[in-house]
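See structure below.
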Amino acid sequence: MAIRVLPDELVIRIAAGEVVERPASVVKELVENAIDAGATDIRIECVEGGKRLIRVTDNGCGIPSAEVALAFAHHATSKLSSAEELAEIHTLGFRGEALASIAAVSQVTCITRHADETRGTLLRFDGGRLIVEEHIGRAPGTTMTVEHLFARVPARLKFLKSTQTERGHIDGIVTRYALAYPHVRFTLAHDGRQSFQSLGTGHLRDVLVEVYGADAVAQMVEVGNSRSRSDGALDSASDLPISTHGYAALPTLDHANRSRILLFVNGRPVQDVKLGYAVIQAYHTLLMTGRYPIAVIMVRVPPAEVDVNVHPAKAEVRFRDPDAVFSAVQRAVRRALLDHLARPEPPSVLGRLPEPPSVQGRLPQPKGEDAMGQAAQPPLSGSERWERVGIARQSGGWGEQESGSGGEQDGPKEREEWRAESNGPGSGSRQLPALRILGQLAQTYILAEGPEGLYLIDQHAAHERVLWERVLAQHELGTLPSQALLDPVPVTIPADSAYLLAGQLDLLRDLSFDIELFGNNTFLVRSVPAMMIQDDIANALREIVADLEMGDPALRKDLEARVLRRVCKRMAIKAGRVLSLAEMQALVRDLEACESPRTCPHGRPTMIHVGLKQLEKEFGRLG
Ligand code: ADP
Ligand code: MG
């Protein structure tokens with residue numbers, strides 16, 4: 001269809017508003033145009049987070065030379081011609097506004113050649129004015145170069161964030177479209193260095209590997225099988241042919257916030273709180289409170305069932321039957337998870353997870369490193385894995401010990417100076433008396449007797465406290481032992497978090513991690529704090545990145561404390577682990593020696609004290 005200017009009566013029906021907010025919005029519009037043009041190879045180059053230059057090159061159909069100038073007019077589009085079509089949009093663009101809006105606030109150079117023509121066209125605009133138009137040789141396709149965005153619009157310029165931040169937004173956009181269009185090869189470079197590439201194999205899974213890394217993808221399950229995808233009409237509960245396809249992470253790979261729930265409707269990345277909630281609901285009881293799933297979910301509905309014309313940036317959509325879509329998504333994800341988790345033989349699922357950290361490839365643990373004998377502690381056993389996925393809790397297993405930890409991320413404590421916290425109010429007077437071990441309850445609590453009655457000690461929280469005080473002391477003296485991994489572990493971090501990690505490698509080095517950027521968004525972990533040598537390094541690093549994201553970047557102490565708390569939490573013995581008398585004694589001795597033995601590093605109690613007086617009262621011995 002030729003490009004033409006939309007009639008006024010159609011223009012007023014199109015969601016108006018600002019399209020170009022920041023460099024990432026330019027990238028989004030140009031990438032959408034390339035996809036609409038049928039491109040299979042899209043290259044995105046940015047300089048200074050897109051503030052200085054954004055260039056998108058595609059091998060799509062190109063623009064006929066007679067229409068190029070028109071493409072930059074307001075409301076000029078080849079994708080829509082009538083009001084009827086507006087009710088059923090099949091393309092990403094439809095308003096004919098993007099090129100005009102971008103050209104108005106930057107310098108744009110467009111080089112394009114239509115597939116049916118023998119030569120290409122070069123057009124240059126400055127602040128919306130056409131300043132150059134000439135013919136030029138080019139293979140079919142289009143290259144749009146946008147320079148000096150907002151340079152002449154100081155009011156907008158001042159709202160742009162740091163290069164790193166703008167870059168993060170661009171990474172997020174490119175990653176999303178790469179996921180939505182696996183048959184398209186996307187290449188992203190910042191400041192001359194390639195930072196992301198998808199291979200265009202047509203398989204979502206292959207793109208996921210580029211974004212999250214193979215070890216993370218090994219912990220994801222496919223949502224919606226190929227049979228239901230091909231027949232299209234899989235949601236039996238409604239008449240609508242809603243199809244849901246994607247990948248959802250097993251609960252072992254969760255995230256600290258909702259930002260890793262990526263939703264797409266008819267190939268369009270959308271923000272939809274309700275749909276996101278459908279995914280969260282699918283994980284009901286599978287994740288700890290305060291933890292969120294990682295999922296990439298593609299929903300397809302007939303175009304007439306969804307209104308994409310509600311938001312200027314087309315980031316929100318409105319469904320004609322939102323409940324049907326909600327339940328289709330929720331059930332598809334839930335089904336995929338339960339299929340994997342509730343198999344009769346759970347170990348077979350666990351076998352799919354990346355190898356638990358084994359001694360293989362690592363140096364042996366230094367002897368006597370830890371009172372609890374960390375070195376002797378086997379990698380996560382099956383039951384501990386299940387504890388982490390929450391299944392055991394569901395089946396009435398080990399009580400709520402872990403589930404209470406959800407609030408830790410937001411507690412006001414997090415803002416406090418960490419040292420102050422560790423000394424706790426009145427910590428001096430809260431020293432523990434010497435305790436005698438009576439036994440273990442529910443493989444979670446240590447029962448101990450003291451001069452003033454019964455003590456119920458949460459073994460995980462207590463061990464966290466012990467490790468925390470030790471790590472803190474070592475860190476302050478600069479003696480936190482580091483240990484090299486025999487084989488450095490490569491870890492892929494999603495591009496929009498990778499830049500954050502890249503900026504914190506020095507901080508992590510001070511905490512005895514030796515991590516280097518290995519190319520694109522992959523990092524190589526060479527050394528870790530010695531106590532972590534047996535840990536699952538890839539998952540640990542991902543959790544640490546999430547912790548850093550939650551922290552206050554201006555407060556180094558806050559970030560350090562988050563990382564160290566995470567290390568202690570991961571390395572502390574778990575609930576559900578049977579402890580020998582000697583192990584319990586060692587732990588309680590260590591706890592007695594702590595400055596603040598009665599709370600864990602997150603501020604929750606390590607123990608409950610039932611006094612003799614209280615017992616007497618309960619038994620009616622008093623009065
Ligand atoms: P819209 O995408 O809403 O139609 P745009 O302003 O983004 O509006 O683009 C205007 C028109 O320019 C499009 O309708 C399309 O015909 C043409 N166009 C823009 N970018 C490309 C491209 N990369 N390849 C081919 N045609 C393009
Ligand atoms: Mg467009």
Side-chain angles (χ1 to χ4, degrees), residues 1-7 10-11 13-21 24-45 54-82 85-86 88-106 108-117 120-125 128 130 133 138-146 173-174 177 180-181 184-187 266-269 303 308-315:
M1 192 157 63
I3 301 179
R4 40 172 239 147
V5 175
L6 292 173
L10 206 46
V11 167
R13 295 182 53 181
I14 284 175
E18 211 37 72
V19 191
V20 191
E21 213 183 321
S25 4
V26 173
V27 171
K28 175 181 191 292
E29 295 296 339
L30 298 182
V31 165
E32 286 194 350
N33 282 346
I35 293 170
D36 281 344
T40 55
D41 192 343
I42 302 177
R43 290 158 205 261
I44 303 112
E45 296 158 69
I54 297 164
R55 176 176 294 136
V56 177
T57 304
D58 70 56
N59 65 348
C61 64
I63 308 176
S65 59
E67 297 177 12
V68 192
L70 188 56
F72 286 85
H74 281 283
H75 305 299
T77 179
S78 59
K79 303 171 191 173
L80 182 68
S81 57
S82 68
E85 282 173 17
L86 190 55
E88 196 170 327
I89 300 286
H90 291 266
T91 47
L92 290 168
F94 55 87
R95 298 180 313 182
E97 260 300 277
L99 293 184
S101 310
I102 294 167
V105 291
S106 66
V108 178
T109 308
C110 164
I111 300 176
T112 184
R113 183 186 137 197
H114 191 263
D116 296 341
E117 296 181 1
T121 312
L122 179 150
L123 246 61
R124 180 166 292 149
F125 293 85
L130 180 61
E133 179 168 14
R138 193 203 188 284
T142 304
T143 301
M144 295 280 182
T145 306
V146 175
I173 289 285
V174 174
Y177 282 91
Y181 297 88
V184 178
R185 179 190 182 95
F186 284 86
T187 311
N266 293 354
R268 199 185 286 283
V308 294
N309 183 26
V310 276
H311 187 263
K314 298 165 284 182

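Remember, it's 1-based here, ligands and their atoms both numbered in the order they're listed. Predicted model, so just to flag it, every value in this text is computed and none were measured. Because only heavy atoms are used, hydrogens play no part in the values below, and waters and symmetry mates are left out as well, while side chains stay in.
- By the 3.5 Å distance cut-off applied to N or O atoms, Gly93 is not counted among the residues near ligand 1.
- For a threshold of 3.5 Å applied to N or O pairs, the pair formed by Arg95 and ligand 1 contains at least one separation below that value.
- From the protein, the heavy atom lying nearest to atom 10 (C) of ligand 1 is Ala76 O, 3.4 Å.
- Protein heavy atom at the shortest distance from atom 16 (O) of ligand 1 is Ser78 OG, 2.6 Å.
- At the top of the distance list for atom 7 (O) of ligand 1, counting protein heavy atoms only, stands Asn33 ND2, 2.8 Å.
- Taking a cut-off of under 4.0 Å to the non-hydrogen atoms of Ala37, the atoms of ligand 1 that pass are 24 (N), 25 (C).
- At a threshold of 4.5 Å between non-hydrogen side-chain atoms, the residues Ile89 and Pro303 do not count as touching.
- Residue contacts with ligand 1 for Phe72 are absent, since no atom lies close enough (heavy atoms, distance under 4.0 Å).
- Looking at Ile63, Ile42, Val68, it is Ile63 that brings a heavy atom closest to atom 27 (C) of ligand 1.
- For atom 2 (O) of ligand 1, the nearest protein heavy atom (residue, atom name, distance) is Lys79 NZ, 2.7 Å.
- In terms of protein heavy atoms, atom 4 (O) of ligand 1 is closest to Thr77 OG1, 2.6 Å.
- For the pair Lys28 and Glu32, the salt-bridge criterion is met [side-chain N within less than 4.0 Å of a carboxylate O].
- Remark: the Thr142 side chain and the Thr112 side chain contain an N/O donor-acceptor pair separated by less than 3.5 Å.
- For atom 1 (P) of ligand 1, the closest non-hydrogen atom on the protein side is Gly96 N, 3.6 Å.
- Per-residue contacts place Ala98 under 4.0 angstrom from the following atoms of ligand 1 (heavy atoms of the residue considered): 6 (O), 7 (O).
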Could you walk me through whether Phe186 and Tyr177 pass the ring-ring contact (aromatic ring centres under 6.0 Å, His included) test, one step at a time?
CA-CA 9 Å; Phe186 284 86; Tyr177 282 91; 7.4 Å; no

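- Ligand 1 has a nitrogen or oxygen under 3.5 angstrom from a nitrogen or oxygen of Leu99.
- For the Mg ion (ligand 2), protein N/O/S neighbours under 2.8 Å (waters excluded) are Asn33 OD1.
- Protein heavy atom closest to atom 12 (O) of ligand 1, with residue, atom name and distance, is Ala71 CB, 3.4 Å.
- Protein heavy atom nearest atom 23 (N) of ligand 1, with residue, atom name and distance: Asp58 OD2, 2.8 Å.
- Annotation for ligand 1: atoms under 4.0 Å from non-hydrogen atoms of Ile3 are 12 (O), 16 (O), 17 (C).
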